[in-house]
Amino acid sequence: MAHTTSPQASVKARAGGFQGTDLALIAVFAALVAVLSVIPPLFVVAAVPFALQMVAVMLTPLVLGAVRGGAALALYLVVGLLGLPVFAGQSSGPGVLLGATGGFLIGYIVAALAAGALATAVLRRRPRKPVLAVQLYLVALVDLVVVYAFGIAGMMINASLSLPAALAANGLFMVGDLVKALLAVAIAVAVLTAFPRLMPAVRAPR
């Protein structure tokens, strides 16, 4: 006898939490952030390593939106706090949050929520691909602003740096992250084009 599910039950299941596909995407993107956090930088420019962690951090909300994107970054953070060496430099544990870069880790989650909400609003309008790329790049910049706001605040609190010193310490990294935002957007557009079901539903006009 075939098992059937009523439309009401399906709606209730969706409202009650993540579906299996959502959980799989959250896990995959959390793993992607973890992997790109621990692999060595591809190269070094002006003593600044070009690592790919921020590409995954920006890519996640662009593809998954606010809730799933925030959940993926939260899962990444929890796994690292529990002891798996998934943070930069293969570090782990609660003590990382009290270090100079602890604010960035918290910023990843907040940025995913903010950028994911904006990305969803952009995708629901179904803009043409060139316009989509530009708009998603602006969303990625919002992600960066939030991440750096938390990161610099964390450096000021945990490392006792002044605001100018914290900004100076991150200046070259910011330039590199602007380039990484381009890469994140290019990947996001390719993924969303190949898998259009990942895009949010178009809102019905009121």
Worksheet item: Going only through I, L, V, M, F, W and Y residues with side-chain contacts under 4.5 Å, is there a path from Val110 to Met155?
Response: yes
Worksheet item: About how many Å separate CG of Leu25 and OG1 of Thr21, when rounded to the nearest 0.5 Å?
Response: 6.5 Å
Fill in: Option passing side-chain contact (heavy atoms from CB on, under 4.5 Å) with Ile152 (candidates Leu163, Ile157, Val147, Leu161)
Leu163
Item to complete: Enumerate the residue pairs fulfilling salt bridge (charged side-chain N to carboxylate O under 4.0 Å, His left out) with a member in residues 73-94, sequence neighbours excluded, ordered by first and then second residue.
Response: none
Response to the item:
Heavy atoms of Leu36 and Ile39 approach each other most closely as CD2-CD1, 3.6 Å
Discussion item. On a heavy-atom basis, which atom in Met58 and which in Ala184 lie closest, and how many Å separate them?
Written reply: CB-CB, 4.0 Å
Discussion item. Once rounded to the nearest 0.5 Å, what's the spacing between atom CG of Leu113 and atom CG of Leu118?
Written reply: 11.0 Å
Worksheet item: So Leu59 and Phe29, side-chain contact (heavy atoms from CB on, under 4.5 Å) or not? Walk me through it.
Response: CA-CA 9 Å; Leu59 174 65; Phe29 275 81; 4.1 Å; yes
Worksheet item: Can you list the residues that meet the side chain to side chain contact (heavy atoms under 4.5 Å, CB included) rule with Leu132, with sequence neighbours excluded?
Response: Val122, Leu123, Pro127, Leu136, Val189
Item to complete: For Leu77, enumerate each residue passing the side chain to side chain contact (heavy atoms under 4.5 Å, CB included) test, keeping only those at least two apart in sequence or located in another chain.
Response: Leu81, Phe87, Leu97, Leu105, Ile109
Discussion item. For a quick test of reading the model, state the closest non-hydrogen atom pair linking Lys180 to Met54 and the distance between them.
Written reply: CD-CB, 4.2 Å
Fill in: Of all pairs that satisfy side-chain hydrogen bond (donor to acceptor under 3.5 Å, both in side chains), the ones with a partner from residues 109-129, not counting sequence neighbours
none
Worksheet entry | With sequence neighbours excluded, residues passing side chain to side chain contact (heavy atoms under 4.5 Å, CB included) with Leu183 | Leu52, Val55, Ile187
Worksheet item: With sequence neighbours left out, which residue pairs that include part of residues 141-158 fulfil the side-chain hydrogen bond (donor to acceptor under 3.5 Å, both in side chains) condition?
Response: Tyr148-Asp177
Worksheet item: Under a 4.5 Å side-chain heavy-atom rule over Ile, Leu, Val, Met, Phe, Trp and Tyr, are Leu75 and Val38 clustered together?
Response: no
Worksheet item: Val78: which other cluster members, linking ILVMFWY side chains closer than 4.5 Å, directly or transitively?
Response: Leu82
Discussion item. Under the salt bridge (charged side-chain N to carboxylate O under 4.0 Å, His left out) definition, can you give me all pairs with a residue in residues 64-81, not counting sequence neighbours?
Written reply: Asp22-Arg68
Discussion item. Looking at every non-hydrogen atom in both residues, tell me the closest pair between Leu64 and Gly69 and how far apart they are.
Written reply: CB-N, 3.7 Å
Fill in: Contact summary for Pro196 and Thr193, nearest pair of heavy atoms
CD-O, 3.7 Å
Discussion item. Is there a path of hydrophobic side-chain contacts, each under 4.5 Å between heavy atoms of I/L/V/M/F/W/Y residues, joining Val33 to Leu23?
Written reply: yes
Item to complete: Could you pull out the closest heavy-atom pair between Ala117 and Ala66, with the gap in Å?
Response: N-CB, 3.5 Å
Worksheet item: Which pairs pass side-chain hydrogen bond (donor to acceptor under 3.5 Å, both in side chains) with one or both residues in residues 77-100, sequence neighbours excluded?
Response: none
Worksheet item: Are Val134 and Leu62 grouped together when hydrophobic residues (ILVMFWY) are joined by side-chain heavy atoms under 4.5 angstrom apart?
Response: no
Worksheet item: Transitively linked via ILVMFWY side-chain contacts under 4.5 Å: Val131 with Val191?
Response: no
What pairs of donor and acceptor atoms, side-chain ones from residues 164-175 against any protein atom, are under 3.5 angstrom apart with sequence neighbours left out?
from	atom 1	to	atom 2	distance (Å)
Asn170	ND2	Ala166	O	2.8

Worksheet item: Can you list the residues that meet the side chain to side chain contact (heavy atoms under 4.5 Å, CB included) rule with Tyr137, with sequence neighbours excluded?
Response: Leu141, Leu178, Ala181, Leu182, Val185
Worksheet entry | Residue list, side chain to side chain donor-acceptor pair (under 3.5 Å) with Gln53, at least two apart or on another chain | Ser37, Tyr76, Tyr108
